2 protein chains.
Amino acid sequence: MDVRTVCLGLLSEADRSGYEIKKLLEDGPLGNFVEASFGAIYPALTRLTEDGLVEFRTEVQDGRPDKKTYSLTPAGRETFRKALAEPISPDRFRSDFLFVLWFAETLEADYLSEILDHRIAEFEAKIARIKSEHDRPEGPGPAFVAGQAIAIITAAKTYLEENRHLIEADSRTRIKTPRSFDATVLGD
Amino acid sequence: MDVRTVCLGLLSEADRSGYEIKKLLEDGPLGNFVEASFGAIYPALTRLTEDGLVEFRTEVQDGRPDKKTYSLTPAGRETFRKALAEPISPDRFRSDFLFVLWFAETLEADYLSEILDHRIAEFEAKIARIKSEHDRPEGPGPAFVAGQAIAIITAAKTYLEENRHLIEADSRTRIKTPRSFDATVLGD
DNA sequence: ACCCCCTATATCGGACCAACATAGGTTAGA
DNA sequence: TCTAACCTATGTTGGTCCGATATAGGGGGT
């Protein structure tokens with residue numbers, strides 16, 4: 001989903017500035033699945049304006065930089081409607097953490113335990129944040145998406161907690177029981 | 001995790017060509033969390049060679065293009081060891097699918113059901129593939145990573161199956177019960 | 001007084017992806 | 001038998017995007 005389409009989508013909900021779009025993607029539940037940097041958003045809005053899909057008015061603010069508030073044109077609304085019907089590309093889950101764990105056998109036991117603890121704590125914090133954000137429901141779509149975020153992160157956390165002994169034990173006793181592992185890792 | 005580090009990691013397991021690295025990331029369990037294109041891998045290997053972290057030998061093959069098989073130098077092995085101790089950047093889950101569902105209220109009921117069915121089927125296929133790949137265990141790290149992949153995808157699939165009625169029902173009856181949603185979405 | 005953070009727009013270097021180019025070999029179907 | 005599709009294998013190119021930086025005034029904390 002390119003940044004232009006993301007901008008169209010957020011502008012279909014309400015008129016917004018580039019800065020507001022960025023904040024929504026940083027702090028909002030949608031930000032768990034969609035990201036974009038300033039370096040992508042501002043050029044995207046410029047190009048959308050050139051193409052006649054959005055327009056903006058400059059709002060002079062007191063003690064703050066001027067704000068460019070963008071709104072969808074009818075052409076922009078139609079373009080977004082069509083974009084939603086396009087084939088959807090697959091989800092992409094990227095994890096440097098799991099890349100490191102791939103090499104668990106080569107890590108020191110203390111370091112391994114430390115990064116596992118740290119990651120579990122991060123997951124807990126993230127779950128708490130999404131839940132607190134969701135005291136104010138915004139409709140079935142957003143609620144559903146937030147729920148899916150919680151389901152996935154909870155599963156990841158639970159997996160780490162329940163299976164960490166498989167790699168932690170190994171890194172301490174790998175001379176004794178090399179390459180053995182509990183087959184139940186893979187479930188059934 | 002930049003592509004150069006990924007290459008060092010895979011070369012720390014065995015000597016490999018750029019093409020083999022790409023195939024491992026496409027088909028192997030690590031590919032669920034780490035990706036890289038040819039357009040990134042080949043320049044990365046060139047640069048690693050320039051920096052003295054890897055070296056290669058050209059293998060002339062019968063009826064096939066020559067293969068450049070890369071291997072780590074001691075400096076490369078040391079660089080990778082240090083890279084594993086660097087701070088780990090957060091996981092990133094990107095989903096165009098959930099972006100579309102964010103706008104579930106604006107989608108036609110048939111189309112919504114169709115993409116939900118499709119996504120659930122994709123998850124099932126992926127789970128089956130990872131499990132079959134894992135008939136041959138490769139050590140605790142890889143097994144653990146594959147297990148986490150299955151845990152996450154299973155959770156995502158289960159969530160879709162158990163909660164899809166919340167957005168499907170709504171898109172059919174949204175005039176009657178606008179913006180209502182089942183609070184149990186967010187679990188407890 | 002000093003520093004850090006917030007709002008707000010914008011640009012730049014570099015990393016990266018998707019697609020294409022090249023080239024011979026194999027497999028499968030009409 | 002032709003041919004279309006796919007596999008191995010390396011590489012380049014256009015364009016997208018991220019992370020950092022620039023600019024600039026205001027508010028809040030110590």
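Because the structure is a prediction, the values reported are computed rather than measured.
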Lys/Arg N to Asp/Glu carboxylate O, [X] vs [Y], below 4.0 Å:
| X | Y | value |
| --- | --- | --- |
| A:E50 | A:R47 | no |
| B:E122 | B:R119 | yes |
| A:E161 | A:K157 | yes |
| A:R4 | A:D51 | no |

Do the side chains of A:L160 and A:F123 get nearer than 4.5 Å, heavy atoms only? yes
| field | Flag side-chain contact, heavy atom, 4.5 Å: A:S89 against B:D96 | value |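 Yes, close enough: below the 4.5 Å cut-off.
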In whole angstroms, the gap separating P of D:dA9 from CD1 of B:I21 amounts to 13 Å
In B/S/- notation (B base, S sugar-phosphate only, - none; protein heavy atoms under 4.0 Å), nucleotides 7-18 of chain C written 5' to 3' is BBBBB----SBB
For residues 45-69 of chain A, the ring pair (Phe, Tyr, Trp, His ring centres under 6.0 Å) pairs (sequence neighbours left out) are A:F56-A:Y70
What one should report as the nearest heavy-atom pair of A:L45 and A:V54 is O-CG2, 4.1 Å
With five pairs defining each end axis, the helix from C:dA1-D:dT30 to C:dA30-D:dT1 comes out bent, to 10°, by 30°
